[in-house]
Amino acid sequence: MSQFSQAVVFDPELIRRFDIAGPRYTSYPTADRFVEAFGPEAYGEALASRAVAGVQRPLSLYVHIPYCNTICYYCACNKIITKDHSRSSRYLDYLEREMALVDEKLTGSRTVAQLHFGGGTPTFLHESEMRRLWAAIRRTFTLIEHGEYSIEVDPRKVGREQVFLLRELGFNRMSIGVQDFDPVVQRAVNRVQSLEETQGVLEAARAAGFHSVSFDLIYGLPHQSVARFAKTLDAVIALAPDRLSLYSYAHLPRLFMPQRRIDEATLPSAAEKLAILKMAIERLTDAGYVYIGMDHFAKPEDELAVAQREGRLHRNFQGYSTHAECDLVALGISAISKIGPYYAQNHKTEEPYYDALDRGELPTLRGVAMSPDDVLRRSIIQALMCHFELSIDAVEEANLIDFAHYFAPELADLREMEAAGLVTVSDRWITVLPKGRLLVRAIAMVFDRYLRADRERTRYSKVI
């Protein structure tokens, strides 16, 4: 009895009331809960455990390319600013070593259904470097014919020829960083990028046969206003990408040094930022995009929208995904793998990463072995984040629990949200209402055992 609805109600008063700091739940437990006691040996055992009981899940593969030619002041990603390609050449040497170690320990299927190159700027790599990396991947893994193979692209650094190279290699999806087309905003964040550059890459991708092209936008940047961002949306809607991500800028200069170059006085007020978000959601849904959830939009025929309608949507470190059944093998600095009930994160900088591989070890910095309670709560958070509803019957049958008894404190906490019109709670269903869709992170946080234990929410960005 699905009550799923695409409706979204924007209530500024409720947003201000429930807009607490919290995680984005690309994993549960979240990465800040990983422990260094889970190291290379534990990750190796996780890789070896895949074939237990004959389980043959396909793989999702993530490759982190950390290099960028220039710095964008808003960026909180793990990146290295350089123009020196000897560094990326050396990095590929070690990526291949890591791949060989993973291959040595991995049991079960090596079939890859989903691949993503993230960064940094993956297109920092020269043609020869990109070909070399793809060859190494194809030596180690088997990429299925109709898999999802995506790459993040900076249109300032990519021409038509390189776009066709990416398609030739096997990429069929592309994410283009846009953020904002307003030149004043672009100068303030040190990312000057013309509409023509972006349009050129989009048109090349379509000509080359890419199945899907997405744009990344950010609201809350310096000098943004409703009127200015509306002009960016005019251009974006005219270009008609298949998917859109609309991220909230979190100004955390104490954590991310480049953000110290942004003048805080030029940031939009909280009220203006909310108004920008409201306008953007209205404009994009009026233009025919489906609001998938949180910060994602897709055309109705896009696989994300179809997966949500069919109840197959999933959430991982790349955001919303259509492949819930995959194990995730992640390569490169800071990359996070998920194998069954295990998470493992690599060292975050080059030298510790290289040192581990020089010792013949997997470059695992930290991780976690999920408890049965973690697995249960993860399934609940996934259902709320992806489908905006939870079948209590399904949870009870899968986990052999009495939901009302097991989650009595959580259900008590949900009463305030129910009274505010964010959710409905019955004996059989928890359903996120239209007023609650923008606050689904806050609703999911109710089921986060770690947050309940320590209430330390200041480490996260605000929900909105």
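Atoms considered below: every heavy atom in the structure, side chains included; atoms not considered: hydrogens, waters and symmetry mates. Along the sequence shown, the residues carry numbers beginning at 1.
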Is any side-chain heavy atom of Ser334 closer than 4.5 Å to a side-chain heavy atom of Asn346?
no
If you measure from OH on Tyr219 to CG on Leu221, what distance do you get to the nearest 0.5 Å?
11.0 Å
Under a 3.5 Å distance rule, please check whether Asp327 uses its side chain to pair with a backbone N or O of Gly340 as donor and acceptor.
yes
Going by heavy atoms in the side chains, are Gln345 and Glu36 under 4.5 Å from each other?
no
Return yes if some donor-acceptor pair links the side-chain N/O of Glu350 with the main-chain N/O of Ile333 below 3.5 Å, else return no.
no
Which of parallel (below 30°), tilted (30 to 60°) and perpendicular (above 60°) describes His116 and Tyr62?
parallel
Audit row: Val423, Thr431, side chain to side chain contact (heavy atoms under 4.5 Å, CB included) steps and yes/no:
CA-CA 5 Å; Val423 296; Thr431 303; over 6 Å; no
Asp302: partners by salt bridge (charged side-chain N to carboxylate O under 4.0 Å, His left out), with sequence neighbours left out
Arg243
For side chain to side chain contact (heavy atoms under 4.5 Å, CB included), just list the numbers for Ile380 and Tyr28, CA-CA rounded to whole Å, side-chain angles, deciding distance to a tenth of an Å, and then say yes or no.
CA-CA 10 Å; Ile380 290 170; Tyr28 181 84; over 6 Å; no
Mind running ring-ring contact (aromatic ring centres under 6.0 Å, His included) on Phe38 and Tyr43 for me, showing each step along the way?
CA-CA 7 Å; Phe38 188 103; Tyr43 180 44; 7.3 Å; no
Is it true that atom CZ of Phe210 has more than 12 heavy atoms of other residues, nucleotides or ligands lying nearer than 6.0 Å?
yes
Asp242/Arg173 under salt bridge (Lys or Arg N to Asp or Glu O under 4.0 Å): CA gap, chis, key distance, verdict
CA-CA 10 Å; Asp242 302 284; Arg173 285 162 176 77; over 6 Å; no
Atom pair CG/CG of Leu422 and Leu414 - distance to nearest 0.5 Å:
9.5 Å
Is the backbone of Thr111 close enough, under 3.5 Å, to the side chain of Ser109 for a donor and an acceptor to pair up by distance?
yes
Going from CG on Leu274 to OG on Ser269, what distance comes out if it is rounded to the nearest 0.5 angstrom?
8.5 Å
Can Glu272 and Arg228 be counted as an ion pair, charged N to O under 4.0 angstrom?
no
Those residues that, when tested against Lys278, pass salt bridge (charged side-chain N to carboxylate O under 4.0 Å, His left out) (two or more places apart):
Glu282
Could you tell me which residues satisfy side-chain contact (heavy atoms from CB on, under 4.5 Å) with Ala270, sequence neighbours excluded, listed by chain and number?
none
Tell me which pairs pass salt bridge (charged side-chain N to carboxylate O under 4.0 Å, His left out) where either residue lies in residues 107-117, with sequence neighbours left out.
Asp103-Arg110
Are Gln114 and Tyr149 close enough that some pair of their side-chain heavy atoms sits under 4.5 Å apart?
no
Between Ala305 and Pro300, the two heavy atoms sitting closest are CB-O, 3.5 Å
For Arg452, is there an ion pair with Glu410 - N to carboxylate O distance below 4.0 angstrom?
yes
Please verify the inter-ring angle class for Tyr353 with Tyr91; under 30° counts as parallel, over 60° as perpendicular, anything in between as tilted.
tilted
Give the C-alpha distance, both sets of side-chain angles, the deciding distance and a yes or no for ring-ring contact (aromatic ring centres under 6.0 Å, His included) between Phe34 and Tyr343.
CA-CA 8 Å; Phe34 297 175; Tyr343 287 105; 5.6 Å; yes
Within 6.0 angstrom of Arg260 CZ, more than 12 heavy atoms from elsewhere
yes
Keeping Asp402 on the side-chain end and Ala404 on the backbone end, is there a donor-acceptor pair under 3.5 Å?
yes
Do Glu389 and Val432 touch side chain to side chain, with heavy atoms closer than 4.5 Å?
no
Run the numbers on Leu217 and Phe297 for side chain to side chain contact (heavy atoms under 4.5 Å, CB included), then give the verdict.
CA-CA 11 Å; Leu217 304 174; Phe297 300 80; over 6 Å; no
Is any side-chain heavy atom of Pro434 closer than 4.5 Å to a side-chain heavy atom of Val8?
no
Output the distance between atom CD1 (Ile176) and atom CG (Asp216), rounded to the nearest 0.5 Å.
9.5 Å
Once rounded to the nearest 0.5 Å, what's the spacing between atom CG of Leu115 and atom CD of Glu148?
11.0 Å
According to the interplanar angle, ranging from 0 to 90°, do the rings of Tyr247 and His296 count as parallel (below 30°), tilted (30 to 60°) or perpendicular (above 60°)?
perpendicular
Test side chain to side chain contact (heavy atoms under 4.5 Å, CB included) on Lys348 and Asn78 and set out the steps.
CA-CA 8 Å; Lys348 297 181 180 181; Asn78 187 352; 4.0 Å; yes
Report the C-alpha separation of Tyr249 and Tyr74 in whole Å, then their side-chain angles, then the decisive distance to 0.1 Å, and conclude whether the ring-ring contact (aromatic ring centres under 6.0 Å, His included) test is met.
CA-CA 7 Å; Tyr249 171 63; Tyr74 57 81; 7.1 Å; no
With sequence neighbours left out, what residues match Arg97 under salt bridge (charged side-chain N to carboxylate O under 4.0 Å, His left out)?
Asp358
Tell me if a side-chain donor or acceptor on Gln308 pairs with a main-chain N or O of Cys386 at a distance below 3.5 Å.
yes
Quick one: does any side-chain atom of Ser27 pair with a main-chain N or O of Pro29 as donor and acceptor, under 3.5 Å?
yes
Whether the side chain of Gln382 engages the backbone of Arg378 through a donor-acceptor N/O pair (distance < 3.5 Å, no angle test) should be reported.
no
With a 4.0 Å cut-off on N to O distance, would you call Asp180 and Arg191 a salt bridge?
no
Any side-chain heavy-atom pair from Val290 and Lys299 closer than 4.5 angstrom?
no
Check the pair Phe124, Tyr67 against ring-ring contact (aromatic ring centres under 6.0 Å, His included), reporting the backbone distance first and the verdict last.
CA-CA 6 Å; Phe124 178 92; Tyr67 304 103; 5.6 Å; yes
Could you check whether Glu13 pairs with Lys435 (Lys NZ or Arg NE/NH1/NH2 to Asp/Glu carboxylate O, under 4.0 Å)?
no
Could you please spell out the steps behind the salt bridge (Lys or Arg N to Asp or Glu O under 4.0 Å) verdict for Arg312 and Glu303?
CA-CA 10 Å; Arg312 296 183 292 103; Glu303 289 171 328; over 6 Å; no
Polar side-chain atom of Gln259 near backbone of Ala250 as donor-acceptor pair, under 3.5 Å:
yes
In chain order, what residues pass the side-chain contact (heavy atoms from CB on, under 4.5 Å) check against Leu101, with sequence neighbours excluded?
Glu104, Leu357, Leu362
Would you check if Tyr406 and Asp373 make a side-chain contact, meaning some heavy-atom pair closer than 4.5 Å?
yes
Give, for atom CG of Leu284 and atom CG of Leu246, the distance between the pair rounded to the nearest 0.5 Å.
7.0 Å
Could you tell me whether Asp448 and Arg377 have a side-chain N and a carboxylate O separated by less than 4.0 Å?
no
If we ignore hydrogens and angles and just use 3.5 Å, is the side chain of Arg441 paired with the main-chain N or O of Gly22 as donor and acceptor?
yes
Are side-chain heavy atoms of Tyr450 and Thr30 found at a separation under 4.5 Å?
no
